[in-house]
Amino acid sequence: MKKEISKIYNPKGVEKRWYDFWMDNGFFHADPKSSKEFYTIVIPPPNVTAELHIGHALNSTIQDIFIRYKKMRGYETLWMPGMDHAGIATQNVVERQLAKEGLDRHDLGREKFVERVWEWKEEKGGKIIQQLKTLGLACDWDREAFTMDEQRSKAVNEVFVSLHERGYIYRAKYIINWCPRCGTALSDEEAEHKDIKGHLWHIKYPIEDSAEFVTVATTRPETMLGDSAIAVNPDDERYKNLIGKWVILPLLNRKLKVITDSFVDPDFGTGAVKVTPAHDPNDFEMGERHGLEQINILNEDGTLNENAGKYSGLDRFEAREQILKDLEADRLLVKTEEHDHSVAHCYRCNTIIEPYLSEQWFVKIGPLAEKALDAVKSGKIKLHPKKWVKTYNHWMENIRDWCISRQLWWGHRIPAYYCQECGEISVAREEPEKCPHCSGALKQDPDVLDTWFSSWLWPFSTLGWPDKTAELKSFYPTNTLVTGNEILFFWVARMIMSGLEFMEDVPFSDVYLHGIVRDEQGRKMSKSLGNGIDPLKMADLYSADAVRYTLLSLAPEGQDIRIGEKDFEIGRNFTNKIWNAYRFISSNHDDSELPEINYEQLELADEWIISRYNAAIASISDDIENFRVSSALDNAYKFFWKEYCDWYLELIKERLYSGDPERVKTALSVAVHVFKGTMQLLHPFVPFITEEVYTALSGEKSIMLSSMPTASEKLVNKAAEEKMSLIQELSSAVRAIRSQMSVPPSVKANLLLKSDSEANLRIIEDNRSYIENLCKLDSIEFNGKSERPKLAATDVVKNMEVILPLEGLIDVDLEIKRLNKDLGSVENALKAVKNKLTNESFMKNAPPDIVEKERQKEHDFSEKVSKIKTNLNWLTDAS
RNA sequence: GGGCGCAUAGCUCAGCUGGUUUAGAGCACCGCCCUUACAAGGCGGGGGUCACUGGUUCGAAUCCAGUUGCGCCUACCA
């Protein structure tokens with residue numbers, strides 16, 4: 001009874017049906033009370049504003065592979081999903097929305113604005129969660145967390161207060177990164193440095209009571225308005241006479257003292273530097289050392305303030321132009337040099353950041369970093385690939401205090417309260433009613449915390465901390481963290497710090513860092529370039545399985561990935577191959593139950609595929625356990641497509657069509673057994689189609705409930721593999737001859753084999769039907785008496801002469817050419833081997849087994865050479 | 001300035017601790033084939049002085065050093 005199965009795999013409907021099924025049955029839900037061993041991953045929370053891009057697809061597919069694999073290996077697996085509130089990004093979105101209505105957030109007021117953001121979040125936010133589901137991810141959605149939800153907010157609050165109590169949080173007036181467009185401070189990590197082709201302007205400052213000038217060089221001439229000194233290196237002879245003198249700041253005509261500071265590099269610019277303590281981190285420190293005035297010339301929006309004289313009100317870059325013009329007019333601009341330097345940009349809006357003096361909250365990071373450094377050094381946490389360890393160490397050793405306050409409304413409000421009477425600051429878990437010092441009225445700090453201040457708690461906040469939950473007990477520490485390498489500092493390093501500080505244990509034991517997905521030209525995918533590939537579109541076109549497969553098969557271990565839309569055909573073709581293998585097996589087996597494999601009745605092909613199958617189980621498992629996911633997939637591909645489909649399924653056709661029920665049964669039992677297991681091995685990579693065909697074939701409820709096959713040493717059969725490789729080589733040789741001599745499949749041929757090796761001939765004789773079927777042969781003759789035909793195409797396989805009498809069919813010149821080519825390469829190989837064997841030092845130093853191998857090679861190659869030569873002679877004689 | 005990575009077929013990449021490979025795969029290309037799972041396929045074929053230069057070694061695509069090119073990260077480059 002044949003079943004009707006579509007010739008081409010149609011994933012439409014299949015994927016959604018199975019995802020619903022998995023969800024309805026709670027297969028993704030993890031039980032903290034389970035007696036199984038736990039395996040946990042926390043998702044890198046995407047922004048609530050995010051839409052799925054190809055990087056998310058790669059990142060989450062890798063996690064899904066680990067989760068599904070471990071589940072089938074018997075673990076209680078938890079994949080903890082959620083999102084972060086993305087303070088700046090989300091506020092931006094809602095502000096843009098307001099702008100369309102002609103409003104800004106101040107029109108609404110803080111409370112209304114935050115309400116509005118929540119509304120936005122409920123209606124439009126979190127689109128990505130739905131999108132992630134189409135990829136088939138086995139996340140425990142019942143536990144979905146959000147950094148702004150109640151439990152996570154509780155954790156943030158607790159951590160802030162507790163760090164404050166430990167003396168790790170302080171408030172200070174310091175130079176920070178200020179984004180004038182977002183109107184907030186940023187951490188060092190949030191400032192992206194980009195190389196800019198800028199200028200170095202040389203400006204003359206007149207020396208007081210003199211006709212002389214001192215020339216300084218700057219990349220930001222507008223900051224001169226905030227200058228409070230000129231500095232030179234104390235050892236710089238050129239400026240010795242200037243020290244202590246006064247110069248006149250052009251345009252504003254303020255007096256500036258000439259000071260010395262060893263920070264100044266005499267070789268850079270002119271060796272004299274203008275000092276602007278309020279707008280440059282170095283100058284700030286120099287200012288501290290010399291007690292210089294800090295003159296702030298900027299408003300928060302990047303325009304110049306009243307300290308800028310006639311420039312006040314201008315935008316910083318307009319002011320720069322105007323100042324340059326004015327200096328030029330005063331003949332004070334002496335030189336304009338091209339100058340490449342790196343400039344900090346806001347990672348959210350790409351605006352150029354200003355170093356800005358302001359009062360902010362900081363985390364004293366040193367003590368936390370120290371422990372986090374140890375965790376990686378000691379191997380408690382392993383980074384994959386491990387090349388990142390050096391980068392991690394370097395960053396950790398040079399880390400600076402973390403600016404955590406943000407001048408935003410969307411986020412966790414800082415639990416610090418200022419007394420309106422005595423000015424004392426109280427930091428508290430619960431808002432105090434009145435000042436604990438003087439009972440005065442309190443006002444909460446208006447700022448919110450950096451979004452990363454909530455996501456660094458993710459591995460335990462999502463499990464219910466600070467409450468003592470069953471989840472924390474079972475699932476912490478988590479096992480594997482999978483994330484893009486660009487986020488190592490932002491997030492990974494900080495999670496390690498917080499985990500060690502608050503859980504007194506690392507948050508995870510292994511970190512898998514993958515690369516960035518780029519376009520075919522190696523460019524980062526971005527909205528502005530319009531070169532992004534929409535994974536949902538690809539999933540729609542080719543299936544989610546295809547997207548997953550393609551991404552993984554193209555992902556080099558830890559390197560960036562280049563990908564184009566057409567590449568997704570790779571995945572589609574693969575799923576189609578699975579489908580058709582299923583179709584083949586299925587159409588050959590009636591609905592009766594399949595017998596267990598009878599190991600007594602196996603043919604060579606069966607023994608061989610079972611052996612290869614067990615090797616595949618071992619290598620794929622080993623790859624996954626050791627974070628080589630692409631390699632695992634590659635091995636699965638090779639086994640399934642090259643060995644199982646190309647060879648094994650071809651080899652069993654004869655039996656399947658033989659009509660002998662016993663032979664059919666044996667072949668089918670092995671074919672199904674191996675196919676099912678292969679589907680299990682592939683399930684973590686392509687979950688949908690494997691579920692579809694596995695359940696269809698087995699009648700089981702779900703592949704997710706099945707156990708991943710384990711490799712059995714006993715079933716690895718080297719002898720069978722040897723034999724098969726002879727069959728394979730011989731078949732390939734015959735097929736090559738046929739193809740190259742253009743012998744159509746309809747023309748059956750006879751094959752003559754001549755060999756000294758009875759054993760080899762016996763192997764072929766025992767399995768002659770394989771060769772006959774694969775090579776479309778009528779007969780095979782072994783060391784036969786029949787005359788060697790004059791016109792024949794020939795080859796040599798394992799010292800066995802392969803003769804295909806093809807009188808009238810072969811092109812003699814072509815065959816001569818073919819043999820000569822072959823001869824050439826074998827002769828080269830022989831020469832190389834001979835060189836080795838005549839090399840005394842090789843003979844003296846190389847291990848005996850290697851020498852033996854080379855001897856064997858020499859023997860084989862020279863045999864082959866002489867046989868090819870003989871064959872060539874036959875041909876030339878005949879023609 | 002410091003660090004890291006990459007450089008193998010036209011393209012994307014394998015090739016782990018040096019010797020069973022006469023350097024592989026996929027895509028692209030060429031030829032034959034709609035052979036009763038699959039043309040989204042099968043079979044066969046062409047194509048590489050493994051970036052360059054030295055070194056270690058009996059032996060190097062593989063290890064070491066340097067050079068060049070590209071990429072990334074990092075930095076208090078006025």
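Proteins come first, then strands; the chains are lettered A, B, ... in the order of their sequence lines, and each starts at number 1. The basis for the numbers below is simple: all heavy atoms, side chains too, and nothing from hydrogens, waters or symmetry mates.
Rounded to the nearest 0.5 angstrom, A:Ile585 CD1 and A:Phe675 CZ are separated by 5.0 Å.
Within 4.0 Å of A:Arg400, counting heavy atoms only, lie sugar-phosphate atoms of the nucleic acid but no base atom. Heavy atoms of A:Lys577 sit under 4.0 angstrom from at least one base atom. Nucleic acid contact class of A:Ala736 (heavy atoms, under 4.0 Å, all strands): sugar-phosphate only. Within the nucleic acid shown, A:Trp641 comes within 4.0 Å of sugar-phosphate atoms alone, with no base atom in reach, counting heavy atoms only. Nucleic acid contact class of A:Glu650 (heavy atoms, under 4.0 Å, all strands): base. Contact annotation for A:Asn485: no contact, since no heavy-atom pair falls under 4.0 Å across all strands. Contacts of A:Lys864 with the nucleic acid, taken as non-hydrogen atoms under 4.0 Å apart, include base atoms.
A gap of 23 Å separates the C1' atoms of B:G44 and B:U36, to the nearest Å. To the nearest whole angstrom, the two C1' atoms, one in B:G2 and one in B:U57, are 34 Å apart. With P as the reference atom, B:G69 and B:A61 are 25 Å apart, rounded to whole Å. The C1' atoms of B:A25 and B:A9 are separated by 11 Å, rounded to the nearest whole Å. Distance noted for atom C1' between B:C50 and B:A37: 39 Å (whole Å). For the P atom pair drawn from B:C11 and B:A51, the interatomic distance equals 14 Å after rounding to whole Å. As rounded to the nearest Å, B:C27 and B:G54 have P atoms that lie 39 Å from one another. Here, B:G66 and B:A7 have their C1' atoms 16 Å apart, quoted to the whole Å.
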Could you give me the CA-CA distance, side-chain angles and deciding distance for A:Glu858 and A:Arg855, then say whether salt bridge (charged side-chain N to carboxylate O under 4.0 Å, His left out) is met? CA-CA 5 Å; A:Glu858 184 196 26; A:Arg855 282 222 177 89; 6.0 Å; no

Verdict with supporting geometry, A:Tyr392 and A:Trp388, ring pair (Phe, Tyr, Trp, His ring centres under 6.0 Å): CA-CA 6 Å; A:Tyr392 175 86; A:Trp388 290 104; over 10 Å; no

A:Phe284 and A:Tyr174: ring pair (Phe, Tyr, Trp, His ring centres under 6.0 Å), yes or no, with the steps? CA-CA 8 Å; A:Phe284 173 80; A:Tyr174 202 78; 5.1 Å; yes

Go through it in stages, so that I can follow the logic: the residues are A:Val747 and A:Leu806, the test is side chain to side chain contact (heavy atoms under 4.5 Å, CB included), and I'd like the CA-CA distance, side-chain angles, deciding distance and then a yes or no. CA-CA 10 Å; A:Val747 175; A:Leu806 293 167; 5.9 Å; no

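Closest to the A:Phe861 side chain, of the nucleotides B:C4, B:U20, B:U22, is B:U22. Which of B:G44, B:A78, B:U20 sits closest to the side chain of A:Lys857 comes down to B:U20. For A:Ser825, the side-chain atoms get nearest to B:U22 when compared with the rest of B:U22, B:G44, B:G19. With B:U74, B:C58, B:A37 as the choices, the nucleotide that has an atom nearest any side-chain atom of A:His394 turns out to be B:U74. Listed nucleotides: B:A39, B:U22, B:G19. Nearest to the side chain of A:Lys7: B:A39. Closest approach to the A:Asn576 side chain among B:A75, B:C73, B:A40 is made by B:A40 (side chain taken as heavy atoms from C-beta onward). The side chain of A:Phe489 sits closest to B:U74 out of B:U74, B:U22, B:A37.
A:Lys834 has its NZ atom 15 Å from the C1' atom of B:U22, to the nearest Å. Put simply, NZ on A:Lys390 is 4 Å from P on B:C4, counting in whole angstrom units. As rounded to whole Å, 14 Å separates atom C1' of B:C77 from atom CD1 of A:Ile196. Note: CD (A:Glu486) to P (B:G71) measures 18 Å, nearest angstrom. Taking atom CG on A:Asp560 and atom P on B:G5, their separation rounds to 14 Å, with Å as the unit. Atoms CD (A:Glu354) and C1' (B:A78) sit 15 Å apart, rounded to a whole Å. Rounded to a whole Å, the CZ atom of A:Arg572 is 16 Å from the P atom of B:C38. When rounded to the nearest whole Å, the span between CZ of A:Arg628 and P of B:U17 equals 11 Å.
A:His290 and A:Asp261 are linked by a side-chain donor-acceptor pair at a separation below 3.5 angstrom, with hydrogens and angles left out of the test. A donor and an acceptor atom, one from each side chain of A:Thr223 and A:Lys274, are located under 3.5 Å apart. Between A:Thr794 and A:Lys867, the side chains place no donor N or O within less than 3.5 Å of an acceptor N or O (distance only, hydrogens not considered). A donor-acceptor pair shorter than 3.5 Å can be found between the side chains of A:Asp622 and A:Asn626.
Between A:Arg562 and the phosphate of B:U12, there is a side-chain N or O to OP1/OP2 separation shorter than 4.0 Å. In terms of phosphate contacts, A:Lys653 brings a side-chain nitrogen or oxygen within less than 4.0 Å of OP1 or OP2 of B:A37. Remark: A:Thr575 is not in phosphate contact with B:A40, judged by side-chain N or O atoms under 4.0 Å from OP1 or OP2. Within the 4.0 Å cut-off from OP1 or OP2 of B:A37, not a single side-chain nitrogen or oxygen of A:Asn580 is found.
B:U56: no Watson-Crick or G-U partner with both key distances under 3.5 Å is found in any strand. The partner of B:G1 is B:U74, judged by Watson-Crick or G-U wobble contacts that both fall below 3.5 Å. Pair assignment for B:C11 gives B:G26, based on Watson-Crick or G-U wobble hydrogen-bonding distances that are each under 3.5 Å. Of all nucleotides present, none satisfies the Watson-Crick or G-U wobble test against B:U20 with each distance under 3.5 Å.
The backbone N or O of A:Arg655 sits less than 3.5 Å from a side-chain atom of A:Ser658, completing a donor-acceptor pair.
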Tabulate atom names and distances for all N/O pairs under 3.5 angstrom spanning the protein and nucleotides 24-33 of chain B.
unit_1: B:G26; atom_1: OP1; unit_2: A:Lys642; atom_2: NZ; d: 3.3
unit_1: B:G31; atom_1: N2; unit_2: A:Ser739; atom_2: OG; d: 3.2

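Taking 3.5 Å as the limit, the base of B:C77 and the side chain of A:Ser342 contain a donor-acceptor pair of atoms between them.
Take the nearest nucleotide of RNA chain B for A:Ile561 and for A:Arg735: the residue whose nucleotide is more 5' is A:Ile561.
For A:Phe490 and A:Tyr347, the distance between ring centers is under 6.0 angstrom.
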